[in-house]
Amino acid sequence: MNILPQLSPLTRRRLKNFKANRRGYRSLGIFIGLLVLTLPAEFIANDAPLLVRYDDRYYYPVFVDYPESEFGGFLARTDFRDPFVRNRIEANGWILWAPLKYSYRTINWDLETPAPAPPTRDNLLGTDEQGRDVLAGVIYGFRLSVLFGLILTLLSTVIGVTAGAIQGYFGGWIDLILQRVTEIWAGLPVLYILIIMASIVDLGFWWLLFIVLGFSWMALTGLVRAEFLRGRNLDYVRAARALGVRDATIIRRHVLPNAMVATLTLLPFVLSASIATLTALDFLGLGLPTGSPSLGELLAQGKANLQAPWLVITGFVVLGAMLSLLIFIGEAVRGAFDPRKIGL
């Protein structure tokens with residue numbers, strides 16, 4: 001089904017300009033492809049089989065932790081990498097493994113050299129200082145970083161656009177008070193707050209997300225405020241106000257669409273900044289809990305183990321490629337919405 005005829009001429013010109021930027025258009029395809037590939041990370045890299053057939057029964061270890069008694073053992077949890085368990089299953093059925101038989105937390109106890117071990121056929125990108133597979137950590141770390149950045153960008157956009165719209169549309173004392181509050185809030189030391197919070201609660205994914213969100217929403221507020229200050233004095237906005245249209249309706253239908261044009265051009269850059277923030281916090285030890293799949297922790301291990309260059313090279317290449325793709329996408333989006341290129 002072709003949706004292009006349903007789009008407005010302006011939207012079609014913007015899409016055409018975006019596709020004309022081949023670097024940005026291809027970067028978007030590569031980024032989406034990597035995200036789609038890593039979203040089902042448990043089915044790509046896992047130390048638990050995807051499917052097991054044993055004594056004419058089927059088991060799904062990727063979803064359920066089975067006791068070892070199901071396969072003739074006695075432990076509370078089955079380690080399918082154990083030769084005893086694997087041999088019993090293969091003698092009475094079969095095992096379907098993921099392409100990579102390591103999860104981000106799996107320790108390889110059969111290393112020929114002390115950890116961190118260099119790349120081998122079993123560990124394509126080597127292991128970290130705890131003996132965990134680097135490739136599995138990269139797969140899970142990429143997914144975690146992108147999801148963290150996407151959620152943070154979405155929530156930051158909602159809060160920042162709302163705050164900027166209120167300031168710019170109403171102006172006066174509301175704008176003055178919110179501006180002073182924003183300036184004071186922006187001056188708070190984020191790292192000190194994170195250190196204090198880390199001593200009070202365990203900083204998991206959601207705690208860290210909401211703490212960073214408390215400061216990241218201000219990235220879009222100034223831009224949206226300026227757009228609303230300009231848009232509220234346009235003739236059709238003043239005419240709608242004179243006709244008695246409610247302020248919420250005017251904001252939603254008449255002013256916000258124009259302000260969102262400038263906002264959309266910044267979203268890829270906000271996303272890249274969110275991912276960089278998480279990586280920096282993990283690198284400093286103020287981010288996700290120890291053992292989480294983290295690109296920042298991988299870089300920190302590379303810094304602490306200069307004799308293992310594959311750690312820092314892998315972290316740098318993955319993070320650099322991810323942020324470069326987002327920057328190229330942002331440049332293409334900004335060009336697509338440029339009024340000079342769409343004939344406005």
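The analysis underlying the following values was restricted to heavy atoms, covering all of them including side chains, and did not include hydrogens, waters or symmetry mates.
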[Y] backbone acceptor or donor facing [X] side chain under 3.5 Å:
{"X": "E68", "Y": "F74", "value": "yes"}
{"X": "W310", "Y": "T127", "value": "yes"}
{"X": "T314", "Y": "L311", "value": "no"}
{"X": "S292", "Y": "S294", "value": "no"}
{"X": "T265", "Y": "R334", "value": "no"}
{"X": "T249", "Y": "V245", "value": "no"}
{"X": "S156", "Y": "T153", "value": "no"}
{"X": "R53", "Y": "Y58", "value": "no"}

Within this structure, what is the [atom1]-[atom2] distance for the pair [X] and [Y], rounded to the nearest 0.5 Å?
{"X": "I139", "Y": "T38", "atom1": "CD1", "atom2": "OG1", "answer": "8.0 Å"}
{"X": "I89", "Y": "N92", "atom1": "CD1", "atom2": "CG", "answer": "9.5 Å"}
{"X": "L299", "Y": "F283", "atom1": "CG", "atom2": "CZ", "answer": "6.5 Å"}

> Are a donor atom and an acceptor atom from the side chains of E70 and Y59 found within less than 3.5 Å of each other?
Replying inline: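 Present: a donor and an acceptor within the cut-off.
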> According to a 4.5 Å side-chain heavy-atom criterion applied to Ile, Leu, Val, Met, Phe, Trp and Tyr, with indirect links allowed, do Y169 and L178 form part of one hydrophobic cluster?
Replying inline: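 Result: yes, single cluster for both.
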>> In this structure, would L35 and L295 fall into the same cluster of hydrophobic residues linked by side-chain contacts under 4.5 Å?
In response: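 Looking at the clustering, L295 is in the same group as L35.
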> Are the charged groups of E42 and R143 less than 4.0 angstrom apart, N to O?
Replying inline: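 The answer is yes: the pair qualifies as a salt bridge.
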>> By the definition side-chain hydrogen bond (donor to acceptor under 3.5 Å, both in side chains), identify the one residue from T120, D47, N123 that meets it with N108.
In response: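 The single option meeting the side-chain hydrogen bond (donor to acceptor under 3.5 Å, both in side chains) with N108 is N123.
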>> Taking the cut-offs as 6.0 angstrom to the six-membered ring centre and 45 degrees off its axis, would you call R81 and Y102 a cation-pi pair?
In response: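 Yes, a cation-pi geometry holds between R81 and Y102.
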> So, is the end of the R88 side chain (NZ or CZ) under 6.0 Å from the ring centre of F71 and within 45° of the ring's axis?
Replying inline: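 No, cation not above the ring by the 6.0 Å, 45° rule.
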For atom [atom1] of [X], decide whether the heavy atoms of other residues, nucleotides or ligands shown that lie under 6.0 angstrom number more than 12.
{"X": "R238", "atom1": "CZ", "answer": "no"}
{"X": "R180", "atom1": "CZ", "answer": "yes"}
{"X": "F316", "atom1": "CZ", "answer": "no"}
{"X": "W97", "atom1": "CH2", "answer": "yes"}
{"X": "R253", "atom1": "CZ", "answer": "no"}
{"X": "Q307", "atom1": "CD", "answer": "yes"}

> In terms of the angle between their ring planes, are F205 and F148 parallel, tilted or perpendicular, with boundaries placed at 30° and 60°?
Replying inline: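 Correct class here is perpendicular.
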> What's the verdict on side chain to side chain contact (heavy atoms under 4.5 Å, CB included) for W217 and W185, showing C-alpha distance, side-chain angles and the deciding distance?
Replying inline: CA-CA 11 Å; W217 60 269; W185 189 254; 4.0 Å; yes
